[in-house]
2 protein chains.
Amino acid sequence: MTKKAATGAARAPRRKDSLSRERIIRAATEMLDSGGERALTLRALTVRLGTGYGAIYHHVADKGDLLAAAADDVITGVLSGVVADADPRAALRRLALDLFDAVDAHPWVGAELSRRPWRPALLDFYESIGRLLDALGVPEEARFDAAGTLVNHVLGVAAQNAANARLLADARDTDRESFLEDAATRWAQVDPERYPFVHAAATRLGEHDDREQFAFGVDVVLAGIAALGRARR
Amino acid sequence: MTKKAATGAARAPRRKDSLSRERIIRAATEMLDSGGERALTLRALTVRLGTGYGAIYHHVADKGDLLAAAADDVITGVLSGVVADADPRAALRRLALDLFDAVDAHPWVGAELSRRPWRPALLDFYESIGRLLDALGVPEEARFDAAGTLVNHVLGVAAQNAANARLLADARDTDRESFLEDAATRWAQVDPERYPFVHAAATRLGEHDDREQFAFGVDVVLAGIAALGRARR
DNA sequence: ACCTGAACACCGTTCAAGT
DNA sequence: ACCTGAACACCGTTCAAGT
């Protein structure tokens, strides 16, 4: 892993298209964004980069490493854009929504998030949540559990987002329309006598907005944390 | 390998070990329980059942169908065991915890749950949640969002459970101890100056109980739903 | 050091052929 | 109808060999 500085020739000009870990990760990210998780194969990557397998494995440990690194980049980008906010509740909401938007734009990141929730790239996310809960007045003993619940809400929606994207990708493009229609009508056909709630929910599916539902969930969790803090002890 | 059933004899006695969809699903479930998702391969299944691929594909559409059916069985088992409860809050808590326990015992069900949250096997689960929220006095307009948040909490924890199991399974058995230790110590080494909250959380990881954390989350969500219902509109 | 690409060890799935 | 098992079309990964 040791790198020698330029030997002999002073400053050997680096070809601007030379292979590098970053270039590989960037290519992988683009493939994931445009074709979903399924589209990223080592074979396709060699074609896209015009190299062989060994070249890639020279810069990257394995496919898991590549996926994790690509997700790290997206997450770091989101978290570095976070602005301080006077109101901790608003800051928490914004933090959660920023992450939601990133996962919505890159569903494969959602899968990676739930696959490896302990990546260093998420450190700042967890730390921010802890501090903001503190600022919100959540007592010390409840703070860890509260943070866990909040994190689970975010990761849960992220995972669901990824799963939905996977299901949609599996339906071949020609089927996609009918696939969505089928799902909607099948749910609307649930027996209203036996399953009144599910039936009613299904008929309202059109008005449903995932982002709003997510934001509502954040509010629910924050309100619940506040309420429990007041009620207990 | 070929066994001839008694030919000629009237009422060929069905061999009690004859292949059937149920037998296949049962075998798959056992393999998933003992070896994790990774252990269920078509090859291993043919060996275990003493048949060929075609025999399996004759009773089952594909691997996804098999996985879904196996998960359905577990879920149906849990939901059919649900007892009516006078207090809707207690009933919701119990429903959630029953599902948690099932996923804890069969982590691969957690993965399947987040892969296909719209399986008919979950109908009763969703319907119960809707009715119990009604019984709890959650107003009609908020009920769908509230149910969504609650469901997301359950599915989120389920997915996380499955992801953890996968990570553990990937660490080879000999590594497993050191793998867990490594993870714990690595997190304890997080810079306490820069990440005081995460550092504190890591040092308390030992006292952490996943089931309690989950139950706490359910309480948070329920309290939040109640609080928001009171505050708005 | 960096890269090539044939080869390996797996997957899930199909299908002509058997009974 | 039910089953067999060779064959197919993929995977991710390795590694002797090149520069």
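Please read these numbers as outputs of a predicted model, since none were measured by experiment. Values below: all heavy atoms of this structure, side chains included; hydrogens, waters and symmetry mates excluded. Proteins come first, then strands; the chains are lettered A, B, ... in the order of their sequence lines, and each starts at number 1.
- Sorted by first and then second residue, the ring pair (Phe, Tyr, Trp, His ring centres under 6.0 Å) pairs involving residues 191-214 of chain B (not counting sequence neighbours) are A:Phe144-B:Phe197, B:Phe100-B:Phe214, B:His153-B:Phe214.
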*How would nucleotides 4-16 of chain C be written as a contact map, 5' to 3', with B for base contact, S for sugar-phosphate-only contact and - for no contact, using protein heavy atoms under 4.0 Å?*
BBB----SSBBB-

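- Applying the side chain to side chain contact (heavy atoms under 4.5 Å, CB included) rule to A:Glu212 yields the partners A:Asp209; only residues at least two apart in sequence or on another chain are considered.
- The stretch residues 106-116 of chain A does not touch DNA chain D, since none of its heavy atoms comes less than 4.0 Å from the strand.
- The separation between A:Leu45 atom CG and C:dC3 atom C1' is 14 Å, rounded to whole Å.
- Stem regions annotated for DNA chain C: C:4-8 with D:12-16, C:12-16 with D:4-8, counting only runs of 3 or more consecutive pairs of Watson-Crick or G-U type with both contacts under 3.5 Å.
- The side chain to side chain contact (heavy atoms under 4.5 Å, CB included) check on B:Val74 picks up B:Ala102, B:His106, B:Trp108, B:Val109, with sequence neighbours excluded.
- Distances shorter than 4.0 Å separate some side-chain N or O of A:His59 from OP1 or OP2 on C:dC3.
- With sequence neighbours excluded, the residues forming a salt bridge (charged side-chain N to carboxylate O under 4.0 Å, His left out) with B:Arg93 are B:Asp219, listed by chain and number.
- Taking B:Thr46 as the reference, B:Arg43, B:Tyr53, B:Ile56 meet the side chain to side chain contact (heavy atoms under 4.5 Å, CB included) condition, with sequence neighbours excluded.
- Distance CD1 (B:Ile24) to C1' (D:dC2): 11 Å, rounded to an integer number of Å.
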List the atom pairs, donor and acceptor, that lie under 3.5 Å between side-chain atoms in residues 154-168 of chain A and the rest of the protein, sequence neighbours left out.
residue  : atom : partner  : partner atom : Å
A:Gln160 : NE2  : B:Ser114 : O            : 3.3
A:Asn164 : ND2  : A:Gln160 : O            : 3.3
A:Arg166 : NH1  : A:Glu37  : OE2          : 3.2

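- A:Arg21 has its CZ atom 14 Å from the P atom of C:dC2, to the nearest Å.
- Contacts of B:Ala39 classified as side chain to side chain contact (heavy atoms under 4.5 Å, CB included), with partners at least two apart in sequence or in another chain: none.
- Ion pair A:Glu112/A:Arg116 flagged as a salt bridge, since at least one NZ, NE, NH1 or NH2 atom sits closer than 4.0 Å to an Asp/Glu carboxylate oxygen.
- Residues satisfying the side chain to side chain donor-acceptor pair (under 3.5 Å) criterion with B:Arg48, sequence neighbours excluded, are B:Glu30.
- A:Asp33 is linked by a salt bridge (charged side-chain N to carboxylate O under 4.0 Å, His left out) to nothing, counting only residues two or more places apart in sequence or in another chain.
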